[in-house]
*Asks:* 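Mind looking over this structure? Questions follow.
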Amino acid sequence: CPVLILGSTVNDRIKGSNSRAAKFARWNEVRRRTGYRSQFEADIAAALEGTGAAYESSRLPYSVTTTATYTPDWLLPDQCILIEAKGELGKADRDKMQLIRQQYPHLDIRFVLQTPNAKLTKTVTQADWCEKNGFPWCKGPSIPDGWLKHKPGVRSRRAFAAATGTTPHEQKKQQHE
């Protein structure tokens with residue numbers, strides 16, 4: 001039973017307002033009544049009736065170009081390794097790391113995972129995702145000795161310098177200043 005407030009129902013008062021709730025209520029009413037997102041779309045549909053036009057029948061992929069920066073959690077300058085610590089490896093982080101991998105294919109990025117067996121999907125764990133995408137990983141918080149004793153090759157040193165803007169020697173010097 002609707003509540004009367006000064007001679008009108010709550011719904012009538014919401015529909016007459018410009019609040020977010022009112023706008024949603026109006027949109028929802030049009031959507032429920034017509035199947036379209038606005039009265040304008042419903043009117044266009046009526047004008048197109050009998051022409052064979054199909055409403056929202058296709059989805060078109062498109063690319064968005066943007067520039068962002070990535071700040072690795074740690075740099076191991078002597079080893080030319082970037083370390084990324086992850087408790088949760090969300091979709092946005094996975095997408096970002098794949099973009100970085102595409103743009104810096106020779107950069108040595110490694111993950112320290114808090115819960116490597118945590119599921120990302122029904123069948124894929126964080127560790128599985130790292131392996132599939134070419135990222136070495138370990139279960140944290142400790143770092144494997146092999147990572148700390150790693151001797152980078154020329155390609156890895158060049159990639160590290162290009163990505164960080166400095167050589168490993170300069171990185172080490174900056175840490176001690």
Side-chain angles (χ1 to χ4, degrees), residues 20-21 23-25 27-28 30-32 35-38 41 53-177:
R20 192 171 182 188
K23 289 177 183 175
F24 178 77
W27 172 85
N28 197 34
V30 169
R31 184 76 172 201
R32 186 189 58 72
Y36 296 97
R37 288 185 292 197
S38 69
E41 285 186 356
Y55 179 68
E56 293 187 348
S57 61
S58 298
R59 294 188 183 268
L60 305 174
Y62 64 95
S63 297
V64 177
T65 303
T66 186
T67 301
T69 58
Y70 162 61
T71 304
D73 292 325
W74 285 274
L75 298 177
L76 296 179
D78 289 344
Q79 298 82 0
C80 297
I81 294 174
L82 281 65
I83 293 183
E84 189 63 30
K86 287 292 172 201
E88 184 177 316
L89 189 54
K91 175 83 169 106
D93 285 327
R94 296 191 309 267
D95 290 347
K96 174 178 66 177
M97 297 312 293
Q98 286 176 319
L99 286 170
I100 292 166
R101 171 57 44 126
Q102 289 170 4
Q103 294 171 40
Y104 299 94
H106 302 296
L107 194 57
D108 192 349
I109 303 171
R110 302 182 185 199
F111 282 83
V112 178
L113 302 173
Q114 185 177 16
T115 53
N117 294 323
K119 298 280 187 180
L120 300 174
T121 67
K122 284 184 179 180
T123 58
V124 177
T125 65
Q126 291 182 2
D128 295 336
W129 182 88
C130 287
E131 289 171 10
K132 178 183 174 222
N133 289 281
F135 293 104
W137 66 274
C138 70
K139 180 173 178 16
S142 60
I143 306 298
D145 284 340
W147 291 13
L148 300 174
K149 295 175 183 175
H150 175 74
K151 302 290 182 208
V154 172
R155 190 185 320 207
S156 184
R157 285 195 300 272
R158 285 183 185 149
F160 184 87
T164 62
T166 61
T167 65
H169 176 73
E170 290 168 338
Q171 280 285 336
K172 199 171 180 183
K173 201 166 127 179
Q174 287 174 1
Q175 289 175 348
H176 295 294
E177 290 177 355

*Asks:* Look at the side chain of Arg157 and the backbone N and O of Cys80, then say whether any donor-acceptor pair between them is shorter than 3.5 Å.
*Replies:*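 Not confirmed, Arg157 side chain does not pair with Cys80 backbone.
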*Asks:* When you look at CZ of Arg155, are more than 12 heavy atoms from neighbouring residues, nucleotides or ligands closer to it than 6.0 Å?
*Replies:* no
*Asks:* Specify the closest pair of heavy atoms between Asn133 and Arg101, including all atoms of both residues, with the distance to one decimal.
*Replies:*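 For Asn133 versus Arg101, the nearest heavy atoms are O-NH1, 4.2 Å.
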*Asks:* So does Thr125 get a backbone contact from the side chain of Asp128, meaning a donor-acceptor N/O pair under 3.5 Å?
*Replies:*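 Between the backbone of Thr125 and the side chain of Asp128 there is a qualifying donor-acceptor contact (under 3.5 Å).
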*Asks:* Could you tell me whether Lys91 and Asp95 have a side-chain N and a carboxylate O separated by less than 4.0 Å?
*Replies:* yes
*Asks:* Between Trp129 and Phe111, how do the two ring planes meet: parallel, tilted or perpendicular, split at 30° and 60°?
*Replies:* perpendicular
*Asks:* Checking side-chain contact (heavy atoms from CB on, under 4.5 Å) for the pair Arg110/Trp74: CA distance, chi angles, key distance, verdict?
*Replies:* CA-CA 10 Å; Arg110 302 182 185 199; Trp74 285 274; over 6 Å; no
*Asks:* Say you draw a straight line from OG1 of Thr69 to NZ of Lys96; how long is it, rounded to the nearest 0.5 Å?
*Replies:* 9.0 Å
*Asks:* Is there a side-chain contact (heavy atoms from CB on, under 4.5 Å) between Leu113 and Cys130? Walk through the geometry before answering.
*Replies:* CA-CA 10 Å; Leu113 302 173; Cys130 287; 4.0 Å; yes
*Asks:* Between Glu131 and Trp137, is any side-chain donor less than 3.5 angstrom from a side-chain acceptor?
*Replies:* yes
*Asks:* Using every non-hydrogen atom in the two residues, find where Gly87 and Gln114 come nearest and quote the distance to one decimal.
*Replies:*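 Distance-wise, the nearest heavy atoms are CA-OE1, 3.3 Å.
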*Asks:* Hey, what do you get for CD (Glu88) to CD (Gln126), rounding to the nearest 0.5 Å?
*Replies:* 7.5 Å
*Asks:* Can you find a side-chain donor-acceptor pair between Glu84 and Tyr70 that sits under 3.5 Å?
*Replies:* yes
*Asks:* Determine the sole option in Asp73, Ile109, Val112 for which the side chain to side chain contact (heavy atoms under 4.5 Å, CB included) test with Ile83 is passed.
*Replies:* Val112
*Asks:* Indicate yes or no for a side-chain donor-acceptor contact from Thr115 to the backbone of Ala118 under 3.5 Å, with no hydrogens or angles considered.
*Replies:*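 No, because the side chain of Thr115 does not come within donor-acceptor range (under 3.5 Å) of the backbone of Ala118.
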*Asks:* First locate atom NZ of Lys86, then atom CG of Asp93, and finally report the distance between them rounded to the nearest 0.5 Å.
*Replies:* 3.5 Å
*Asks:* Supply the atom-to-atom distance Lys119 NZ to Thr121 OG1, rounded to the nearest 0.5 angstrom.
*Replies:* 7.5 Å
*Asks:* Between atom CG of Leu82 and atom CG of Leu107, what is the distance when rounded to the nearest 0.5 Å?
*Replies:* 5.0 Å
*Asks:* I'd like to know whether CZ of Arg94 has more than 12 heavy-atom contacts from other residues, nucleotides or ligands below 6.0 angstrom.
*Replies:* yes
*Asks:* For the NE2 atom of His150 and the CG atom of Asp108, what is their distance to the nearest 0.5 Å?
*Replies:*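 Taking NE2 in His150 and CG in Asp108, the distance rounds to 5.0 Å.
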*Asks:* Given the rule in the side-chain contact (heavy atoms from CB on, under 4.5 Å) test, do Phe160 and Gln79 qualify, once you have shown the distances and angles that lead to the verdict?
*Replies:* CA-CA 9 Å; Phe160 184 87; Gln79 298 82 0; over 6 Å; no
